[in-house]
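First the structure, in the form of structure tokens, and then the observations on it.
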2 protein chains.
Amino acid sequence: MKTIEKSTPCELCMSRKFSLFANLSEPHLCHLSDHKNFITHKKGQILFYEGTKPLGVFCINDGVVKVYKTASNGKEQIIRLAKKGDFLGYASLLGEESYSNSATIVEDAKICFVPRESFLKVLAEDTEFHRRVTKALCHDLGIMEDKLTDATQKSIRERLAFTLLKLSETYGIDGNAGEKIDIVLTREEIAGLVGTATETVIRLLSEFKKDELIDFEGKKILVLDKRGLARLSDFYG
Amino acid sequence: MKTIEKSTPCELCMSRKFSLFANLSEPHLCHLSDHKNFITHKKGQILFYEGTKPLGVFCINDGVVKVYKTASNGKEQIIRLAKKGDFLGYASLLGEESYSNSATIVEDAKICFVPRESFLKVLAEDTEFHRRVTKALCHDLGIMEDKLTDATQKSIRERLAFTLLKLSETYGIDGNAGEKIDIVLTREEIAGLVGTATETVIRLLSEFKKDELIDFEGKKILVLDKRGLARLSDFYG
DNA sequence: TGATTAATGTGATATTTGTCATGTAATCAA
DNA sequence: TTGATTACATGACAAATATCACATTAATCA
């Protein structure tokens, strides 16, 4: 079901501007263009599985991908949602390990695959790029520390409120009736994001709606009261 | 209370062999030796605080340091325990951010401080070293994903059992009566490691003792039945 | 040494949250 | 369109865990 088609060369790619590839040299960009594969993925398709070997890195040109671990109880813990401009799989590649997580398309996506050798070549030849990659890894590490701390020290209600705020920050589009979180996530996926049971998410979302913090528009969530959610999430930032 | 004294030069440092500095060139090692500070720290002393700017990296020559975040409820979530050969603070330094966590001495420690410039100089000049740092960061990221998944999907009992196994793996010394975890942690610190309340740790440890999975020897814990703990921790690895 | 503080332990209790069961609504495939 | 599957929803209930209060013991220090 994967579609391979002609794609924008990296030199002209717009989503690159917001990515780690932002400041690469012309020759390196051409090298990547020549070696990459551009693939269109449909919702539900799987990019890679935990435990398999990374053969390169993925750059998201458009769409949304969930990166998650499957716990021993079968539930998915979503590590992050990756969007346009984000890279996938580079940590496992550079760590010289199998994928520590799996990745599945959440919203139809256009994704470039850069093979291992090309990526490593650019990394080796462009020290500045290597430094940016390192910096990104360090930043991600800090984020994971925050997530871990929240997971152990905050209640589900707090975490759900916080998750909604974060989602609206990243995927929010302003409307007349509050900010719409413009991606479709199932309750189960939200539960995976928060780290809880699906039923609990359903109940809490109803509660949030009753309290007029959020509303629903089709399958999407409207954030009506950010301040209220921030208060609930014990987040003062 | 910090003591500055003469220290082994990096070239001769034994704990370096197990660290990221393992394969540095002679000139780089000398450069580090010339610029580092060697400081002896006592239990309870604080190495750095979350939110402050990193001025360099710390290399642990001996001792144990807890790296933790203070949650909004005041509790400490311990991110990791760092021991001989481990580095501290490099993620924040390379991420060009303030410290994302705090570090406090758990067991009396000898620690070298390498100033920012020296560390960055070596990083810039030794590509292989940079690659090893990157690899370590990637590995840590994978570990954090595991921890997050465990934190949301496993019970406290499972996590405590797992924590004890990990501790015995790292700090265990074999004795006639099981494997002794040879560091002193308060119940509160164990709670911070697991991500739970102190009372819960106390109760569960008593339960584990009653079930003859562990025993106490002074302030230290003896692991009597690893298999039993592994079963309890839902860990098959 | 005695006084003070920190660490450990225990009980009672309330709450949060997960689980199971079941039902309805929405979506999808043939 | 219809049957099947998936998503959403709700109730009942049990279990795990946090919190608070208060002992008791150990460690520290003046």
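Only this structure's heavy atoms are used, side chains among them; waters, hydrogens and symmetry mates stay out. Throughout, a chain's letter reflects where its sequence line sits, starting with A, and its residues are numbered from 1.
Residues B/E76 and B/K66 form a side-chain contact, since some pair of their non-hydrogen atoms from C-beta on lies under 4.5 Å apart. Within the 4.5 Å cutoff, the side chain of A/I143 has no heavy atoms near those of the A/R80 side chain. Under the 4.5 Å side-chain criterion, counting only non-hydrogen atoms from C-beta, A/R203 is not in contact with A/T200.
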Going 5' to 3' through nucleotides 5-13 of chain C and flagging B where a protein heavy-atom sits under 4.0 Å of the base, S where only the sugar-phosphate is that close, and - otherwise, we get --SSBBBB-
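Between chain B and DNA chain D, the heavy-atom contact criterion of under 4.0 Å yields a 5' to 3' nucleotide range of D/dT17 to D/dC20.
In the helix from C/dT1-D/dA30 to C/dA30-D/dT1, the terminal helix axes, each the rotation mapping four pairs' C1' atoms onto the next four within five end pairs, subtend 50°, rounded to 10°.
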Please report, to 0.1 Å, the donor-acceptor pairs under 3.5 Å made by any side chain of residues 82-93 of chain A, with sequence neighbours excluded.
from, atom 1, to, atom 2, distance (Å)
A/D86, OD2, A/K83, N, 2.9
A/Y90, OH, A/D140, OD2, 3.3
A/S92, OG, A/S100, N, 3.4

Would you list the atom pairs, donor with acceptor, under 3.5 Å between side chains in residues 171-180 of chain A and any protein atom, with sequence neighbours excluded?
from, atom 1, to, atom 2, distance (Å)
A/E179, OE1, A/K226, NZ, 3.1
A/E179, OE2, A/K226, NZ, 3.4
A/K180, NZ, A/E217, OE2, 2.9

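Put simply, NZ on A/K154 is 13 Å from P on C/dT17, counting in whole angstrom units. To the nearest angstrom, P of C/dT17 lies 17 Å from CG of A/N73.
When every heavy atom of A/L94 is checked against every heavy atom of B/C138, the shortest pair comes out as CB-SG, 3.5 Å.
Between B/K166 and B/E169, at least one side-chain N (NZ, or NE/NH1/NH2) sits under 4.0 Å from a carboxylate O, which counts as a salt bridge.
With hydrogens and angles disregarded, no donor-acceptor distance shorter than 3.5 Å links the side chain of A/T170 to the backbone of A/L167.
With sequence neighbours excluded, no residue forms a side-chain hydrogen bond (donor to acceptor under 3.5 Å, both in side chains) with B/T198.
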If you apply the rule side-chain hydrogen bond (donor to acceptor under 3.5 Å, both in side chains), what do you find for A/T40 with A/K110, and how did you get there?
CA-CA 5 Å; A/T40 299; A/K110 298 173 183 168; over 6 Å; no
